[in-house]
Protein chains: 2
Amino acid sequence: MDRQLDRTDWRILAELQRDGRLSYNRLGRLVNLSPPAVAERVRRLEEAGVITGYQVTIDPAKAGLPLTAFVQMRCAPGRCLLKTTTAGDYPEVVEVHKLTGDSCTMLKIRTASMRHLEGLLERLGGHGELTSFVVLSTQYEGRPVEPPASELRPVTDSAGWSR
Amino acid sequence: MDRQLDRTDWRILAELQRDGRLSYNRLGRLVNLSPPAVAERVRRLEEAGVITGYQVTIDPAKAGLPLTAFVQMRCAPGRCLLKTTTAGDYPEVVEVHKLTGDSCTMLKIRTASMRHLEGLLERLGGHGELTSFVVLSTQYEGRPVEPPASELRPVTDSAGWSR
DNA sequence: GTTGAAACGAAAAAATA
DNA sequence: TATTTTTTCGTTTCAAC
C-alpha cells in the first residue's frame, strides 16, 4: 500500500486508536464494512507499516510514576547520549527525539519522585548541557492522529483541552 | 487497588505494552498465571485506572504526517491557548502539557508538511511567544513504562537507542 | 466487497481439588 | 482460594457469489 490512505482507512485508524481491541466484527460494523473486508484493510495497513502494533495505555501516575519531564540535551562532543549509552541505561527515558537547532535531543522522562528525577538529571548532565521542564499536568497525550487537512477530515469533537 | 503494583502486575503491563491484543490465555501463560487469575488482575488494573485503554500504534510518517515538532508556548495574558481555544481547533496537536518555569505549555505536533507546520506555528503565535523544535528523527516513542527503581525491575534488553 | 458456513479460539461458569 | 474443565459464545477465515 503506497497510495494515500482513503477515508475508510482513516475511519478504521480512528476506531482502533479509540479501542485497539475491537474485533473485525465490531470494527466492520462501525465503518460499514463486512468483517473480511475490514480484516483485509487492517492487514494491509499493518503490512504497509502504518499500523506498527497494539499497546495498552497506562496512566503513569497511577502506576507509580507521577512525574513527567522534558529534557533538552546539548551533548558535549564525544559524550553524546545516543553514542555513549544504551536504552537500558535509562529506563526512565520513554522518548528520544533528535532535533534541529541548538539542542541535539529532546527526551521525555517518567520518574517516581523528585529525588529520582534529580538523580537522573545529574547522570544525564554528564553528557552535556541540559534544560529540563517539569510537567505540572497533562491535558492530552496519545491523542488520536487525524488525517492531514489536505484529505477529508472527520468531524472532531468540540470539547475543550482538559480531558 | 490502592496498594503498590507487584511484580506480576508489572509483568502483565510489560506484556500488554508489547502486545495489547494478547488473550488472557496467552497472557496467563506468559506470566505463569491461569486465564481467570490473569483476567482478574487486568480487570483490577483497569478499575484502578492504571490501564486506561488499548490503542493501535501508528507510524505517523507512513500515515502521511512525516513532520513532528515540539512547541514551547509562553502565552500572553488573556490569550492562553488552553483558555481561548478548543482541542478541535488544533487537530495537529497530539500532546499538551502544562509546564513549570518560563514556558506555560509544551505541545507535540504532527503535520503533513513544512507548509502546514508553518501555518500552524503562525496561528499558535497569536497566543504568545513560542519556541519550536523540529524533530529530525525519533529513536524511541511509546517506550514501555517500567517499574521505578525502588521496585524490582525486570531485565531490560541491552540494545542501543536506535530502533 | 459481501454473504454464508465451518473451524477455531476465547471467555465465563461451574465443578473440583 | 485457585485452577481446571466444560460449555457457550464470538470471532476469524475460507469459499462462493
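From a predicted model like this one, the values you see are computed outputs, not experimental measurements. Letters go in sequence order (proteins before strands), and every chain restarts at 1.
- For R26(A), taking side-chain heavy atoms from C-beta onward, the closest of the listed nucleotides dT3(D), dT11(D), dT12(D) is dT11(D).
- A distance of 6.0 Å or more separates the ring centres of F133(B) and H97(A).
- Contact annotation for S34(A): base contact, defined as any heavy-atom pair under 4.0 Å involving a base atom.
- Salt-bridge formation is not detected for the pair E46(B)/R43(B): no Lys NZ or Arg NE/NH1/NH2 atom is positioned less than 4.0 Å from an Asp or Glu carboxylate oxygen.
- Contact check, N25(A) against dG10(D): no side-chain N or O comes under 4.0 Å of OP1 or OP2.
- Taking atom CZ on R41(B) and atom P on dT3(D), their separation rounds to 10 Å, with Å as the unit.
- We find the CD-NZ distance between E95(B) and K108(B) to be 4.0 Å, quoted to the nearest 0.5 Å.
- Counting 5' to 3', DNA chain C first comes under 4.0 angstrom of a heavy atom of chain B and last does so at the ends given by dA10(C) to dA11(C).
- Put simply, CG on L22(A) is 13 Å from C1' on dT11(D), counting in whole angstrom units.
- Under 4.0 Å is where a charged nitrogen must lie from a carboxylate oxygen, and between R44(A) and E40(A) at least one such pair does.
- P36(A) comes within contact range of at least one nucleobase, with a heavy-atom separation under 4.0 Å.
- A straight line from OH of Y24(B) to C1' of dG10(D) spans 15 Å, rounded to a whole angstrom.
- What separates CD of E40(B) from C1' of dT3(D) is a distance of 14 Å, to the nearest Å.
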